[in-house]
Peer 1: 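There's a structure below that I have some questions on.
Note that the numbering runs from 1 along the sequence shown for the chain.
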Amino acid sequence: MINKFPLWKNILVFFIIAIGFFYALPNLYGEDPALQVSGTSNTELNAQDVTRIENILKAKNLEGEFFFENSTLLIRFKRTEDQILAKDLVQNALGDNYICALNLAPATPAWMRSLGMTPLKLGLDLRGGVHFLMEVDMEEAMKKMKTQLVSDFRNELRKKDIRLSGIKTEGDSVVVTFRDEKTRDKARELLASTHRDFIIEPFNKGDKFYVKATMTQEKLSEVRTAAVDQNINIIRNRVNELGVAEPLVQRQGAERVVVELPGIQDTARAKEILGATATLEFRVVDSNADMNAAMQGRVPAGDELYHDKNGYPVVLQKKVILTGDHIIDARSSSDENGRPQVNISLDSRGGSIMSDFTKDNVGKSMATNFIEYKVVENNDPNAPKIGEVGYKPKFKKVEQIINVATIQTRLGADFRITGLDSVKEAHNLALLLRAGALIAPIQIVEERTIGPSLGQQNIDNGMKAMLYGFIILAIFMVIYYKSFGFIANLALFFNLVLLVGVMSLIPGATMTLPGMAGIVLTLGMAIDANVLIYERIREELRNGRSVQQAINLGYEKAFGTIADSNITTFITALILFMVGTGAVKGFALVLMIGLASSMFTAVTACRAIVNIIWGGKTSLKKLNI
């Protein structure tokens, strides 16, 4: 019998629609104004601080729900006025050692969250939040890369027993000096075979023989790209590590990164997260150096003078054993005497480097050098300021020895750093290292705060556009297609629910203002599919077909046209999603999901309803369409 779905197919159709309704439900609960409280890099929020905050708010009759986890406190309020007042009270009471950030927390019930049901994530233009444009200090990135390159060249030549008399960097090149031509030629062959992305050139000057290794343009471009990409990954890790949800971190141009944190209304919190540029270096202590001479500026060649946390001088070899780039995990704990320490885990290459070095240097002292980049104020009154065209941040490299230890045995990929002053210091150092070390300093060159009121206005305007569009389409369909128009409107509603439900399920999917435009476009295309089907049914009725034949042929013959139209549009949206960024990518994602759901609702779900109402009625002579 035509125009009849089997029972299992009807159940499957309505089950899919029910699932869409189920996962779209959290969007009905909205968001609560919230206050997020956490410590800075020097402090850590604890249970006593939480109790203190509760007492402060109770004294002012401010009621809120408290959620304390991972040293971060989230307080939900019912009114925005209470949120703002609480922020001022808590910040004044705790001082600058703690960060109080205004936030928006989903009001989804706990049982929904336990089932993985979350509301649709809103972008910066709808939810409000902070926007940063950050710039990578590419000069420092290149400097670090060339320093590592010098170390790699020296180690490679020494492993092959090729003696060199000097090595240094010149621009984008590394120049290695040798005493005789035979050794030079042997080194050139080795470097040419292991570094194919360098131009290796031998030359002579006086009685010295040289090899000059120059990076190709492709290699330079690769290094710059890698520096930005690594910083992007690390910024994402830091934001996630410190509890800020749904960030947008993406490249803009050759050396800049855009960071958007929806729901965060306080730039201080975001700056604290993104501004940390700490990393580590492990170096050998030159125990033979004359400390008094070093203090007077006479530092041995190949050494550098540093100071530890207490101000005592330490002379280190310039050669870096290992950098923080190889750290894959760092956890704070206590040693056997109850003193704080940080347990370090290295990647395979870092573990191999540490093992090879410590095997041959048992009994020597190794220092842990803590490095931090800080912005230096430009005193030139004519220099562009932050946010102005041409602004270039200047950085100061601050280094401090946090630990000097004697190598007692061969180390591997796992070891520990001791000598830390407090548990907080160990915790914060572990957090920064675990989140990753920036390959180069990065500075905010533009910041912008979008208030929740503007975001709410965008939401209201977008909802009005969708509502008006839906009402106009619904009225037209009912007037023009009568009962079938009502079914088309029902399918249109199912389409919207499925789209919202799927968007709520996809991790990282964010609804933006262009995404709302994509929803409006999807609704129009979904109605277009119904119009094609209904016009084909009308045509079959005019050709003398029976009602059942007209319905069957209308859906079958229109399907090819609908599929062609949707597939070509889907391919276009997919290309936009793959090559686009930001708003374009959000629009394309919504459009792709909308096209898939409209195909299901307009063709399958709508057909199921039509079959239930009119299918199998052979005595039916007239169709209300």
Peer 1: With salt bridge (Lys or Arg N to Asp or Glu O under 4.0 Å) as the rule and sequence neighbours excluded, what pairs involving residues 545-556 come up?
Peer 2: Glu540-Arg545
Peer 1: Val37 and side chain to side chain contact (heavy atoms under 4.5 Å, CB included): which partner among Leu94, Leu74, Val50?
Peer 2: Leu94
Peer 1: Does any part of the side chain of Thr108, heavy atoms only, come nearer than 4.5 Å to the side chain of Pro119, both counted from C-beta?
Peer 2: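 A side-chain contact under 4.5 Å exists here.
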Peer 1: Identify, with sequence neighbours excluded, every residue that meets side-chain hydrogen bond (donor to acceptor under 3.5 Å, both in side chains) alongside Thr572.
Peer 2: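 Here no residue qualifies.
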Peer 1: Will you find, in the side chains of Asn543 and Arg538, an N or O donor that is under 3.5 Å from an N or O acceptor?
Peer 2: no
Peer 1: Write down the atom of Arg256, the atom of Val228, and the distance for their closest heavy-atom approach.
Peer 2: O-CG1, 4.5 Å
Peer 1: Apply salt bridge (charged side-chain N to carboxylate O under 4.0 Å, His left out) to Glu54 and list each qualifying residue two or more places apart in sequence or on a separate chain.
Peer 2: none
Peer 1: My understanding is that only one of Thr561, Ile562, Val610 makes a side chain to side chain contact (heavy atoms under 4.5 Å, CB included) with Ile533; could you say which?
Peer 2: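 It is Ile562, the one option of Thr561, Ile562, Val610 that forms the side chain to side chain contact (heavy atoms under 4.5 Å, CB included) with Ile533.
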Peer 1: Ser597: which residues meet the side-chain hydrogen bond (donor to acceptor under 3.5 Å, both in side chains) condition with it, sequence neighbours left out?
Peer 2: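 By the side-chain hydrogen bond (donor to acceptor under 3.5 Å, both in side chains) rule, Ser597 matches Asn495.
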Peer 1: Tell me, do Arg536 and Leu553 make a side-chain contact under 4.5 Å, heavy atoms counted?
Peer 2: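 Side-chain contact under 4.5 Å: no.
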Peer 1: For Asp49, which residues count as a salt bridge (charged side-chain N to carboxylate O under 4.0 Å, His left out) partner, sequence neighbours excluded?
Peer 2: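 None.
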Peer 1: Given the ring of Phe67, does Arg76 sit roughly above its face, with NZ or CZ under 6.0 Å from the centre of the six-membered ring and within 45° of the axis?
Peer 2: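 That pair qualifies as a cation-pi contact.
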Peer 1: Quick one: list whatever passes ring-ring contact (aromatic ring centres under 6.0 Å, His included) with Phe493, sequence neighbours left out.
Peer 2: Phe21
Peer 1: Under the rule for side-chain hydrogen bond (donor to acceptor under 3.5 Å, both in side chains), what residues qualify as partners of Asn489, not counting sequence neighbours?
Peer 2: none
Peer 1: For residues Leu541 and Ser546, report the shortest heavy-atom separation together with the two atoms involved.
Peer 2: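 Smallest interatomic distance, heavy atoms only, reads CD2-O, 4.2 Å.
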Peer 1: Do any side-chain atoms of residues 517-529 form donor-acceptor pairs under 3.5 angstrom with protein atoms, and if so which ones, sequence neighbours left out?
Peer 2:
residue: Thr522; atom: OG1; partner: Gly518; partner atom: O; Å: 2.8

Peer 1: For residues 466-486, which side-chain donor-acceptor pairs fall under 3.5 Å, sequence neighbours excluded?
Peer 2:
residue: Tyr481; atom: OH; partner: Glu535; partner atom: OE2; Å: 2.7
residue: Ser483; atom: OG; partner: Asn624; partner atom: ND2; Å: 3.1

Peer 1: Using side-chain hydrogen bond (donor to acceptor under 3.5 Å, both in side chains) as the criterion, list what pairs up with Thr118, not counting sequence neighbours.
Peer 2: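 Not a single residue meets the side-chain hydrogen bond (donor to acceptor under 3.5 Å, both in side chains) criterion with Thr118.
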Peer 1: Which residues satisfy the salt bridge (charged side-chain N to carboxylate O under 4.0 Å, His left out) test with Arg224, sequence neighbours excluded?
Peer 2: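 For Arg224 there are no salt bridge (charged side-chain N to carboxylate O under 4.0 Å, His left out) partners, ignoring immediate neighbours.
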Peer 1: So do the side chains of Asn27 and Ser504 get within less than 4.5 Å of each other, counting heavy atoms only?
Peer 2: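 Sidechains of Ser504 and Asn27: in contact.
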Peer 1: Between side-chain atoms of residues 55-65 and protein atoms elsewhere (two or more places apart, or another chain), which donor-acceptor pairs fall under 3.5 Å?
Peer 2:
residue: Asn55; atom: ND2; partner: Thr51; partner atom: O; Å: 3.2

